[in-house]
Amino acid sequence: MENLTFGIIKPDAVKAGTIGSIIQRITDDGFRIRALKLIHMTLKQAEGFYAVHRERPFFPGLTEFMSSGPCVVMALEKTGAVPAWRNLMGATDPAKADEGTLRKAFGGSLGENAVHGSDSDENAAIEIAYFFSQIEIV
Ligand code: GDP
């Protein structure tokens with residue numbers, strides 16, 4: 001699965017009406033969309049997704065935010081998908097993200113930074129399987 005990664009267009013970007021612009025940027029950057037859907041996570045589903053961060057001080061705020069509204073979950077394919085998608089996203093803190101990145105363009109703050117991306121091939125596989133069944137990956 002090394003050519004697949006998992007991405008989320010987070011609730012802040014969905015609320016701001018930038019789903020279309022972000023998907024355009026993703027396809028312009030050469031990614032092939034293998035799966036995509038709009039979901040509204042419950043708090044429990046967000047806590048399960050971010051379980052690795054459960055001891056962090058920002059965990060309650062992060063999971064509340066991620067369950068505050070709809071988001072778009074995606075499986076994205078490209079050679080070297082994990083680093084390629086993280087490059088397009090930019091630094092976690094939009095204030096530190098490079099020009100031309102999605103977080104620079106669409107992120108508002110460290111907590112509300114428009115997009116998520118897997119940090120390893122192993123986590124990409126886990127995260128895709130958390131949201132998509134095999135039949136939903138085309
Ligand atoms: P990412 O891989 O770049 O998304 O960053 P991390 O895996 O380290 O953190 C997951 C998410 O938690 C980030 O995208 C941020 O939205 C949020 N986050 C990380 N660090 C902080 C922090 O110090 N404060 C707050 N409020 N949110 C944070």
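Positions are given from 1 along the sequence. Values reported hereafter were calculated over all heavy atoms of this structure, with side chains retained and with hydrogens, waters and symmetry mates removed. Both ligands and their constituent atoms are indexed starting at 1 by order of listing.
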Sequence neighbours excluded, which residues qualify as side-chain contact (heavy atoms from CB on, under 4.5 Å) partners of Ala84?
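Scan of Ala84 (side-chain contact (heavy atoms from CB on, under 4.5 Å), adjacent residues dropped) gives Phe31, Lys78.
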Residue list, side-chain contact (heavy atoms from CB on, under 4.5 Å) with Arg34, at least two apart or on another chain
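Arg34 satisfies side-chain contact (heavy atoms from CB on, under 4.5 Å) with Leu4, Arg32, Ala75, Glu77, Ile137 only.
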Under 4.0 angstrom from ligand 1, any heavy atom of Asp119?
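Heavy atoms of Asp119 never come under 4.0 Å of ligand 1.
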Side chains of Asp28 and Gln24, donor plus acceptor under 3.5 Å:
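Gln24 and Asp28 do have a side-chain donor-acceptor pair below 3.5 Å.
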Check whether any N or O atom of Asn113, backbone or side chain, sits under 3.5 Å from an N or O atom of ligand 1, and answer yes or no.
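The answer is yes, given that Asn113 and ligand 1 share an N or O pair closer than 3.5 Å.
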Return yes or no for this condition: an N or O of Tyr50 is under 3.5 Å from an N or O of ligand 1.
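Such a contact does not occur with ligand 1.
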Minimal non-hydrogen separation, Gln45 against Tyr130, with atom names
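Closest heavy-atom pair between Gln45 and Tyr130: O-OH, 2.7 Å.
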What atoms of ligand 1 come within less than 4.0 Å of a heavy atom belonging to His53?
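Contacts of ligand 1 toward His53, numbered from 1: 6 (P), 7 (O), 9 (O), 10 (C).
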Using a strict 4.0 Å cut-off to heavy atoms of Arg103, name the atoms of ligand 1 that fall inside it.
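Result: 1 (P), 3 (O), 4 (O), 14 (O).
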Side chain, backbone, both or neither: Arg56 near ligand 1, heavy atoms under 4.0 Å
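Neither; no heavy atom under 4.0 Å.
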Of the backbone atoms (N, CA, C, O) and the side-chain heavy atoms from C-beta on, which set of Met89 has a member under 4.0 Å from an atom of ligand 1: side chain, backbone, both, or neither?
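Met89 to ligand 1: no contact under 4.0 Å from either part.
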Starting from atom 23 (O) of ligand 1, what is the nearest protein heavy atom, named by residue and atom, and what distance separates them?
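Minimum-distance protein heavy atom for atom 23 (O) of ligand 1 reads Leu110 CD2, 3.4 Å.
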How far is atom 20 (N) of ligand 1 from its nearest protein heavy atom, and which residue and atom name does that atom have?
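Answer for atom 20 (N) of ligand 1: Phe58 CE2, 3.4 Å.
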